[in-house]
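All values below were derived from every heavy atom in this structure, side-chain atoms included, with hydrogens, water molecules and symmetry-related copies excluded. Here is the naming used below: chain letters follow the sequence lines, and residue numbers restart at 1 for every chain.
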There are 4 protein chains.
Amino acid sequence: MFINLDFESKEPIYTQLMHQIIEGIARQELKPGEALPSVRSLAADIGINLHTVNKAYQQLKQEGFILIHRQKGVVVNPDGIPQADEAYMELLKSKLRPLVAESICRGVNADEFIEVTTNLYRDLNKKEEI
Amino acid sequence: MFINLDFESKEPIYTQLMHQIIEGIARQELKPGEALPSVRSLAADIGINLHTVNKAYQQLKQEGFILIHRQKGVVVNPDGIPQADEAYMELLKSKLRPLVAESICRGVNADEFIEVTTNLYRDLNKKEEI
Amino acid sequence: MFINLDFESKEPIYTQLMHQIIEGIARQELKPGEALPSVRSLAADIGINLHTVNKAYQQLKQEGFILIHRQKGVVVNPDGIPQADEAYMELLKSKLRPLVAESICRGVNADEFIEVTTNLYRDLNKKEEI
Amino acid sequence: MFINLDFESKEPIYTQLMHQIIEGIARQELKPGEALPSVRSLAADIGINLHTVNKAYQQLKQEGFILIHRQKGVVVNPDGIPQADEAYMELLKSKLRPLVAESICRGVNADEFIEVTTNLYRDLNKKEEI
DNA sequence: GTGGTCTAGACCACC
DNA sequence: GTGGTCTAGACCACA
């Protein structure tokens, strides 16, 4: 599991960290039930504050990606990630909307946009190769 | 041209305003060369701060969507919006990436994701209907 | 609005703060749409750290009691508090269960238990008296 | 006597264990003078740490539910559980208070709240049925 | 002015 | 060892 953070980015570190972990789950590099590093060790690894890691973990817990046990530490939700419901699809749509609008303005047609999406699906949906 | 702002959203007002204007351009409700309201009048219209409108306009200018003339006021870029280059496609990809990753985790397959995209393209690419 | 905290208590300060605010809402001392103090001013008032106040606010926001606007500050949810659903009733039951069990052991019968409850309902459900 | 622990709960294991034992006493599945498993065997049974069971037992002893003899082992208090005094009623009230306050906010009226309580009394006060 | 983010360092409860 | 809580102090984005 590699974590790549951009400390210059406008995107908060804890959000980047969340995305990286979600991506790890999507790629199945992180499997349901699998343990994640403790807040302290991950913070030390990445070279950030443990509170920042904790914030990412708390949010991921909130969204059902992980479970946090007081002693055992942090694990990927063993029951799998909560499946998309209507609320999620709406949220997705609202996040996609400005991307589509700007792309239209810039002359990116639907096929090109879908190609980018498809490539991402192919890259991220691949199972871990050992 | 309707501006819909959600003051309770986590997204900054100026960003929402940018998105709305970009969407207006995508829908061709706002055509190249067409005038936009002045900072002052738009702010009064929506009931927000001058600075907020100004920030949105400055950013839109920065990205080539509009031109700001000291005298003539604000117009949609008459030469059209700068077309997508490689940098834009990379940016798009990086914004799409976490959406795709989370969707995979939540069991949204590529076809469903593309369907949402296609619907948005259909909705936003339509010319203005009066 | 009076906030009474017990710094010696085993109960975390942020939880106590949450309870006090919820109680204020129940008493209708805090009405929907009404503003709450900023994190900084409340923290200064009570003499605790602003992060502790923030944690309480974030949790209350999460549970639908309040809304947090980046600039305008914090307000009691103008649409009212999310009404009890089945999940809440189950949660309530699970919290009540050990209280009932111990009370049974200690010879508190149902009528006495209900009397305590009824008194609390009477005390907390009263509208603010000016 | 069944012990049901939720290792994913926010509530500490030793507290859950205490509650289960108190509930057993309330249900009269555990009668005054009856022996409880030794710390060692109970820990092995449930698959938790010795210290955890010990902590639960010590606390139960502290509150008068059980007696711990060095030789004879652990027994439910043969003289019965100390009956509720004013201090207990105050404690009960303070624990009930936030539950009532939140319930009021969420539109649970006194009758509904009392119904939940009554059901719990009925369920827990029943003698053991074999 | 507001909340959001991040850091650094402390103590505690739990197992 | 784990996460949970609390403090203190800093800078930033937003309006």
Side-chain angles (χ1 to χ4, degrees), chain A residues 5 7 9-17 35-44 46-59 61 66-75, chain B residues 5 7 9-17 43 46-56 59, chain C residues 5 7 9-17 35-44 46-59 61 66-75, chain D residues 5 7 9-17 43 46-56 59:
Chain A
L5 300 180
F7 292 95
S9 166
K10 183 188 163 184
E11 193 180 23
I13 295 178
Y14 82 95
T15 311
Q16 294 184 47
L17 184 49
L36 266 61
S38 75
V39 281
R40 279 173 179 76
S41 69
L42 183 52
I46 314 181
I48 60 176
N49 192 280
L50 87 174
H51 290 118
T52 307
V53 175
N54 192 47
K55 185 162 187 176
Y57 276 1
Q58 289 297 335
Q59 192 108 12
K61 168 191 161 194
I66 63 174
L67 298 181
I68 302 180
H69 299 80
R70 266 181 211 252
Q71 328 316 339
K72 289 196 295 178
V74 180
V75 298
Chain B
L5 299 180
F7 292 93
S9 163
K10 182 187 163 180
E11 195 178 25
I13 307 287
Y14 86 96
T15 312
Q16 293 184 48
L17 185 50
I46 319 182
I48 60 178
N49 196 295
L50 285 179
H51 301 327
T52 308
V53 176
N54 195 49
K55 182 158 188 176
Q59 190 106 18
Chain C
L5 300 180
F7 293 93
S9 165
K10 181 189 162 183
E11 194 180 22
I13 295 178
Y14 83 95
T15 311
Q16 294 183 47
L17 184 49
L36 265 61
S38 76
V39 282
R40 278 175 178 75
S41 68
L42 184 51
I46 314 181
I48 60 177
N49 192 280
L50 87 174
H51 290 118
T52 307
V53 175
N54 192 47
K55 184 162 188 176
Y57 276 1
Q58 290 296 336
Q59 191 107 14
K61 167 190 162 196
I66 63 175
L67 298 183
I68 302 180
H69 299 80
R70 265 180 211 251
Q71 330 314 342
K72 290 197 293 177
V74 181
V75 297
Chain D
L5 299 180
F7 291 94
S9 163
K10 181 186 164 181
E11 195 179 25
I13 307 288
Y14 85 96
T15 312
Q16 293 185 48
L17 185 50
I46 318 182
I48 59 177
N49 195 295
L50 284 178
H51 301 326
T52 308
V53 175
N54 194 49
K55 182 158 188 176
Q59 189 108 15

Note to self: Set out, in order, the CA-CA distance, both residues' side-chain angles and the distance that settles side chain to side chain contact (heavy atoms under 4.5 Å, CB included) for B:Asn49 and B:Thr52, then state yes or no.
What the structure shows: CA-CA 5 Å; B:Asn49 196 295; B:Thr52 308; 3.6 Å; yes
In whole angstrom, what separates [X]'s [atom1] from [N]'s [atom2]?
X	N	atom1	atom2	answer
A:Lys72	E:dC15	NZ	C1'	12 Å
C:Leu5	F:dT7	CG	P	10 Å
C:Phe7	F:dT5	CZ	P	16 Å
A:Leu67	F:dG3	CG	C1'	14 Å
A:His69	F:dG3	NE2	P	12 Å
C:Ile46	F:dT7	CD1	C1'	15 Å
C:Tyr57	F:dC6	OH	P	16 Å
A:Leu42	E:dT7	CG	C1'	16 Å

Note to self: Is C:Gln58 close enough to E:dG4 that one of its side-chain N or O atoms is under 4.0 Å from OP1 or OP2 there?
What the structure shows: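 True: C:Gln58 side-chain N/O within range (under 4.0 Å) of E:dG4 OP1/OP2.
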Item checked: Phosphate OP1/OP2 of E:dG4: any C:Asn54 side-chain N/O under 4.0 Å ->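 For E:dG4, OP1/OP2 do have a side-chain N/O of C:Asn54 under 4.0 Å.
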Can you tell if the side chain of [X] reaches within under 4.5 Å of the side chain of [Y], non-hydrogen atoms only?
X	Y	result
D:Leu17	D:Ile46	yes
A:Leu36	A:Ile66	yes
B:Gln59	B:Thr15	no
C:Val75	C:His69	yes
A:Ser38	A:Tyr57	no

Margin query: Dot-bracket, 5' to 3', for DNA chain F please: Watson-Crick or G-U pairs under 3.5 Å, [ ] where pairs cross earlier ones, | where the partner sits on another strand, dots elsewhere.
Written below: ||||||||||||||.
Item checked: Side-chain donor or acceptor of C:Arg70 paired with backbone N/O of B:Lys10 under 3.5 Å ->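 Such a contact is found between C:Arg70 side chain and B:Lys10 backbone.
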Item checked: Chi angles and distances behind the side chain to side chain contact (heavy atoms under 4.5 Å, CB included) call for A:Leu42, A:Val74 -> CA-CA 11 Å; A:Leu42 183 52; A:Val74 180; over 6 Å; no
Margin query: Run the side chain to side chain contact (heavy atoms under 4.5 Å, CB included) test on A:Tyr14 and A:Val53 for me, step by step, so that the C-alpha distance in whole Å, both residues' side-chain angles and the decisive distance to 0.1 Å come before the verdict.
Written below: CA-CA 6 Å; A:Tyr14 82 95; A:Val53 175; over 6 Å; no
Checklist line | Base-contact (B) and sugar-phosphate-only (S) positions in nucleotides 10-15 of chain F, heavy-atom cut-off under 4.0 Å, - elsewhere | finding: -B--BS
